[in-house]
Amino acid sequence: MGINHWPEEQRPRERLIKLGATALSDAELLSVFLRVGVKGKSAVDLGRDMLMQFGSLRALFGANLTDFAKVHGLGSAKYAQLQAVLELAKRSISEELQASSSLSSPQAVRQYLQLEIGNKHYESFTVLFLDVKNRLIIVQELFRGSLSHASVYPREVVKSALSHNAASVILAHNHPSGSPDPSSADLTLTQTLKSALALVDIRVLDHFIVANNKVYSFAENGQI
């Protein structure tokens, strides 16, 4: 039975409007995005199929088109819609960081980084460059690959910070393995970059490690 035949109080879209998005399950939220299901399955059923196929929302959001289209009923149009939604969410949070101090919006920084690098299948070393009021100037991915084997060059970080006239930075990288715990190499790199940037009077406010739905903060753990 299609969702349009369900009692109104059970329909995901109507429940979202009445109760808010947080009242819906992941499958129900996906059904609102999908709008329609496929023959023999409602949009909610299709949403459940998506979650079963990928195992988590993070994996779903990070899927490429080929893997996305393996779910019956999905294709390039839905993939493009999903990527547009994710990019709009990221840009909305970016606007918040540009308008106010990142120090007053720590949750926004975490949300942004989860969207920016949390879904990547490779290791990404990204830097948020901030002005004198700790507002976001620009975000740049400076290095990618296996960061445990490829060097992160302090001089490139310093050069980028100076080119953007940054007063401070927030460092970030992801752990595709799934654990946000910092390695000894992560700790050493953080201190190396902090010292290099201090030579040109640029502060390192924090270093975040993003893994799955978890975010580790060096500052919160007294390591900055």
Side-chain angles (χ1 to χ4, degrees), residues 58 61-62 83-84 86-176 180-183 185-224:
R58 184 191 70 85
F61 294 161
Q83 295 308 307
L86 293 173
E87 182 61 25
L88 285 170
K90 189 165 63 177
R91 292 186 187 188
S92 173
I93 299 171
S94 176
E95 287 181 358
E96 179 181 346
L97 295 176
Q98 290 170 336
S100 62
S101 168
S102 62
L103 296 181
S104 65
S105 307
Q107 188 58 32
V109 174
R110 282 176 165 78
Q111 291 172 342
Y112 181 87
L113 290 172
Q114 285 178 307
L115 289 171
E116 178 69 19
I117 63 176
N119 300 323
K120 295 186 185 297
H121 299 292
Y122 59 86
E123 288 195 50
S124 168
F125 188 89
T126 296
V127 181
L128 283 69
F129 297 101
L130 311 172
D131 64 16
V132 292
K133 294 185 178 180
N134 293 326
R135 294 175 304 197
L136 182 65
I137 299 171
I138 195 172
V139 179
Q140 280 191 323
E141 180 186 69
L142 295 184
F143 308 97
R144 66 163 61 186
S146 178
L147 299 180
S148 59
H149 296 95
S151 297
V152 174
Y153 298 104
R155 68 173 179 270
E156 294 300 324
V157 178
V158 171
K159 185 165 68 174
S160 293
L162 291 173
S163 70
H164 295 300
N165 196 29
S168 58
V169 299
I170 293 175
L171 311 173
H173 75 278
N174 63 324
H175 281 180
D181 296 332
S183 65
D186 293 333
L187 294 167
T188 300
L189 174 62
T190 302
Q191 294 307 315
T192 299
L193 291 174
K194 181 180 177 181
S195 297
L197 288 161
L199 293 174
V200 290
D201 295 323
I202 297 174
R203 295 176 57 208
V204 176
L205 299 182
D206 207 339
H207 184 174
F208 290 102
I209 299 176
V210 183
N212 291 329
N213 295 322
K214 299 178 181 178
V215 181
Y216 183 94
S217 164
F218 281 65
E220 288 181 359
N221 287 275
Q223 295 165 314
I224 289 290

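Only this structure's heavy atoms are used, side chains among them; waters, hydrogens and symmetry mates stay out.
- The residues E95 and R91 are annotated as not salt-bridged, no charged nitrogen and carboxylate oxygen being separated by less than 4.0 angstrom.
- Within the 4.5 Å cutoff, side-chain heavy atoms of S183 are placed close to those of D186.
- Shown here for D206 and A219, the closest heavy-atom pair between the two residues is OD1-N, 2.9 Å.
- Legend: side-chain hydrogen bond (donor to acceptor under 3.5 Å, both in side chains) pairs involving residues 187-205, not counting sequence neighbours, sorted by first then second residue: T190-H207.
- Inter-residue side-chain proximity for R144 and K120 is flagged as unmet; no heavy-atom pair is nearer than 4.5 Å.
- Across I117 and S124, no two heavy atoms sit closer than the pair CG2-OG, 3.8 Å.
- When all heavy atoms of A166 and I137 are compared, the closest pair comes out as CA-CD1, 4.1 Å.
- Atom CG of N165 has 12 or fewer heavy atoms from other residues, nucleotides or ligands within 6.0 Å.
- When side chains are defined from C-beta on, L113 counts as touching L128, because their heavy atoms get closer than 4.5 Å.
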request  = Evaluate the side chain to side chain contact (heavy atoms under 4.5 Å, CB included) criterion for residues S102 and I170: first the C-alpha distance (whole Å), next the side-chain angles of each, then the deciding distance (0.1 Å), finally the verdict.
outcome  = CA-CA 9 Å; S102 62; I170 293 175; 3.9 Å; yes
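- At a threshold of 4.5 Å between non-hydrogen side-chain atoms, the residues L136 and Q98 count as touching.
- We find the CD-OG distance between Q223 and S217 to be 8.5 Å, quoted to the nearest 0.5 Å.
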task = Quick one: do I224 and L205 satisfy side chain to side chain contact (heavy atoms under 4.5 Å, CB included)? Show the steps, please.
result = CA-CA 7 Å; I224 289 290; L205 299 182; over 6 Å; no
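- Atom CD in E96 sits 5.5 Å away from atom OG in S100 (nearest 0.5 Å).
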request  = In sequence, state the C-alpha distance, the side-chain angles, and the governing distance for L142 and V152, and then conclude on side chain to side chain contact (heavy atoms under 4.5 Å, CB included).
outcome  = CA-CA 8 Å; L142 295 184; V152 174; over 6 Å; no
request  = List the steps, then state whether side chain to side chain contact (heavy atoms under 4.5 Å, CB included) holds for F125 with L193.
outcome  = CA-CA 12 Å; F125 188 89; L193 291 174; 3.5 Å; yes
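- In plain terms, the two heavy atoms of P180 and A211 that are nearest each other are N-CB, 3.6 Å.
- Here the CD atom belonging to E156 is positioned 11.0 Å from the CD atom belonging to Q140, to the nearest 0.5 angstrom.
- Remark: side-chain polar atoms of S163 are paired, donor with acceptor, to backbone N or O of S160 under 3.5 angstrom.
- In this structure, the side chains of I209 and H173 come closer than 4.5 Å at one or more pairs of heavy atoms.
- Inter-residue side-chain proximity for V139 and Y112 is flagged as met; some heavy-atom pair is nearer than 4.5 Å.
- Side-chain contact check for H175 versus Y216: every heavy-atom pair is 4.5 Å or farther apart.
- We find the NE2-CD1 distance between H164 and I138 to be 4.5 Å, quoted to the nearest 0.5 Å.
- D181 CG to K214 NZ: the interatomic distance, rounded to the nearest 0.5 Å, is 8.0 Å.
- Contact record, Y153 with F143: N-CZ, 3.3 Å, taken as the closest heavy-atom pair.
- With rounding to the nearest 0.5 Å, the separation of CZ in R135 from CG in L130 is 10.5 Å.
- Counting heavy atoms of neighbouring residues, nucleotides and ligands inside a 6.0 Å radius, atom OH of Y122 exceeds 12 of them.
- For the pair E123 and N174, the minimum side-chain heavy-atom distance is below 4.5 Å.
- At distances below 3.5 Å, not a single donor-acceptor pair connects side-chain atoms of Q114 with backbone N or O atoms of V210.
- The shortest heavy-atom contact between L97 and A108 is CD2-CB, 3.9 Å.
- Annotation: salt bridge (Lys or Arg N to Asp or Glu O under 4.0 Å) contacts of E116 (sequence neighbours excluded): K90.
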